[in-house]
Visitor: 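Have a look at this one.
The structure presented is a predicted model; accordingly, all values stated were derived computationally and were not measured. We name chains A, B, ... by the order of the sequence lines, and we start the count at 1 in each one.
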Amino acid sequence: MPELPEVETSLRGIEPHLRGRWILRLVVRQRQLRWPIPSTVDAAVAGRQIIALRRRAKYLLLELEHGTLMLHLGMSGSLRVLAADCPPGAHDHVDLVLTDGSCLRLRDPRRFGSLHWVPPPIQAHPLLCNLGPEPLSDAFDGNYLYRRARDRRGAVKGFIMDSHIVVGVGNIYANESLFLAGIHPHRPAGRIARARYIRLAEHIKQVLDAAIRKGGTSLRDFVREDGNPGYFAQQLRVYGRGGEPCPNCGKALRQQRIGQRSSFYCSDCQR
DNA sequence: CCGGACGCCTGTCGGC
DNA sequence: TGCCGACAGGCGTCCG
């Protein structure tokens with residue numbers, strides 16, 4: 001599930017419940033996630049205060065005084081803030097129990113999520129140190145994309161989904177932004193004009209921002225910290241709409257796999 | 001370095 | 001109704 005807007009929604013939802021609070025203990029029911037959770041994490045966080053919460057790419061960062069708890073939601077992860085005595089379900093793998101009687105609970109049916117304890121400096125962590133810019137930052141724009149696309153022959157869709165190029169753009173928002181920019185997802189990244197990349201970068205920013213304002217996209221698993229879904233699914237123009245009419249021209253939308261992922265596009269409006 | 005394929009894991013859905 | 005394969009929002013790793 002979670003692309004940048006869903007992770008950002010989770011961050012904004014949990015932040016008021018966690019910032020400044022003290023951790024009683026970490027309860028891990030399932031250690032086998034994307035990477036096994038080392039048991040050393042439990043002792044590292046117990047009794048510590050949560051100073052601040054941040055997001056980098058699709059990672060949620062809970063900053064303590066002496067290091068960072070780094071959390072990824074994978075494909076099916078979601079976070080809720082609940083009373084610590086609320087009975088856990090089958091896929092509720094981790095509770096971060098606070099001293100006020102509440103807990104942050106990670107649910108992740110597919111177990112592609114992860115939890116790391118990272119001593120400072122956080123940016124030196126191997127999973128973070130080679131990432132591209134944040135799409136909503138000033139460091140990301142059409143000129144940057146154009147420059148990075150030189151000599152790249154792979155499809156533009158894979159290019160904008162590559163976290164070394166830009167972070168946070170997953171399959172849903174890649175499809176949506178390419179449609180909005182009128183670019184065919186299969187076009188080689190190196191064969192797109194600068195002006196079209198400027199348009200694409202603007203649409204990536206706009207669609208991510210719009211999705212954040214709607215609380216993200218809920219297709220299956222994703223819920224916000226209070227258990228409610230996000231409402232951006234209703235605004236999706238092409239994702240999941242193979243065979244339906246193009247919102248621009250009415251021609252049936254195509255569905256095709258590009259790089260192992262389903263792609264949706266209009267073969268007339270996207271070139 | 002680049003690009004494509006694979007695998008991690010569970011749940012759901014469509015077809016037979 | 002049951003079984004089986006395909007597919008699902010991510011991403012590190014391996015291989016050519």
Visitor: Counting side-chain heavy atoms from CB outward, which of C/dA8, C/dG10, C/dG12 is closest to A/R110?
Guide: C/dA8
Visitor: Would you grab the first and last nucleotide of DNA chain B (5' to 3') that comes under 4.0 Å of any non-hydrogen atom in chain A?
Guide: B/dG3 to B/dG11
Visitor: Measure from CG on A/D221 to P on C/dG9 and round the result to the nearest Å.
Guide: 12 Å
Visitor: Taking 4.0 Å as the cut-off, does a side-chain nitrogen or oxygen of A/Y239 come that near to OP1 or OP2 on C/dG9?
Guide: yes
Visitor: With respect to the phosphate group of C/dC11, does any side-chain polar atom (N or O) of A/H72 fall under 4.0 Å of OP1 or OP2?
Guide: yes
Visitor: What do you reckon, is CZ of A/R241 surrounded by more than 12 foreign heavy atoms closer than 6.0 Å?
Guide: yes
Visitor: Which sits closer to the 5' end of DNA chain B, A/R220 or A/R34, going by the nucleotide each is nearest to?
Guide: A/R34
Visitor: So what does A/R153 hit on the nucleic acid, given a heavy-atom distance under 4.0 Å: a base, only sugar-phosphate, or nothing?
Guide: sugar-phosphate
Visitor: Which one is paired to C/dC4, where only Watson-Crick or G-U wobble pairs with both distances under 3.5 angstrom count?
Guide: B/dG14
Visitor: Give one of base, sugar-phosphate or nothing for A/L33, where a contact means two heavy atoms less than 4.0 Å apart.
Guide: nothing
Visitor: So A/F159, base contact, sugar-phosphate only, or nothing? Heavy-atom distance under 4.0 Å.
Guide: nothing
Visitor: Does a donor on one side chain and an acceptor on the other come within less than 3.5 Å for A/N228 and A/D226?
Guide: yes
Visitor: Tell me the interatomic distance from A/Q260, atom CD, to C/dC7, atom P, rounded to whole angstroms.
Guide: 11 Å
Visitor: What is the distance, to the nearest angstrom, from the CZ atom on A/F112 to the C1' atom on C/dG12?
Guide: 12 Å
Visitor: Give the C-alpha distance, both sets of side-chain angles, the deciding distance and a yes or no for side-chain hydrogen bond (donor to acceptor under 3.5 Å, both in side chains) between A/Y265 and A/Q256.
Guide: CA-CA 9 Å; A/Y265 61 94; A/Q256 181 195 349; 2.7 Å; yes
Visitor: So what does A/R152 hit on the nucleic acid, given a heavy-atom distance under 4.0 Å: a base, only sugar-phosphate, or nothing?
Guide: sugar-phosphate
Visitor: Using whole Å, report how far CD of A/E8 lies from C1' of C/dG9.
Guide: 17 Å
Visitor: Is the number of heavy atoms from other residues, nucleotides or ligands under 6.0 Å of A/K214 NZ greater than 12?
Guide: no
Visitor: Across the strands shown, which category fits A/G259 at heavy-atom distances under 4.0 angstrom: base, sugar-phosphate, nothing?
Guide: nothing
Visitor: Taking 5.5 Å and 30° as the limits, would you call A/F222 and the base of C/dG9 a stacked pair?
Guide: no
Visitor: In whole angstrom, give the distance that lies between atom OH of A/Y173 and atom C1' of C/dG10.
Guide: 14 Å
Visitor: May I ask you to verify if any side-chain N or O of A/R261 is less than 4.0 angstrom from the OP1 or OP2 atom of C/dG9?
Guide: yes
Visitor: Would A/W117 and A/H125 count as a close aromatic pair, with their ring centres under 6.0 Å?
Guide: no
Visitor: Would you check if A/K58 and A/V167 make a side-chain contact, meaning some heavy-atom pair closer than 4.5 Å?
Guide: no
Visitor: For C/dC3 and B/dC9, measure between their P atoms and round to the nearest Å.
Guide: 23 Å
Visitor: Between C/dG9 and B/dG3, how far apart are the two C1' atoms, rounded to whole Å?
Guide: 22 Å
Visitor: Report yes or no: is the cationic atom of A/R148 (NZ for Lys, CZ for Arg) closer than 6.0 Å to the six-membered ring centre of A/Y146, at no more than 45° off its axis?
Guide: no
Visitor: Are more than 12 heavy atoms, taken from residues, nucleotides or ligands other than A/R237, located less than 6.0 Å from that residue's CZ atom?
Guide: no
Visitor: C/dC7 P sits how many Å from A/F264 CZ, rounded?
Guide: 11 Å
Visitor: Mind checking who B/dC9 pairs with, Watson-Crick or G-U wobble, both distances under 3.5 Å?
Guide: none
Visitor: Starting from P on C/dC11, measure out to CZ on A/R111 and report it in whole angstrom.
Guide: 19 Å
Visitor: Whole angstrom is fine here: how far is it from CG in A/L236 over to P in C/dG9?
Guide: 12 Å
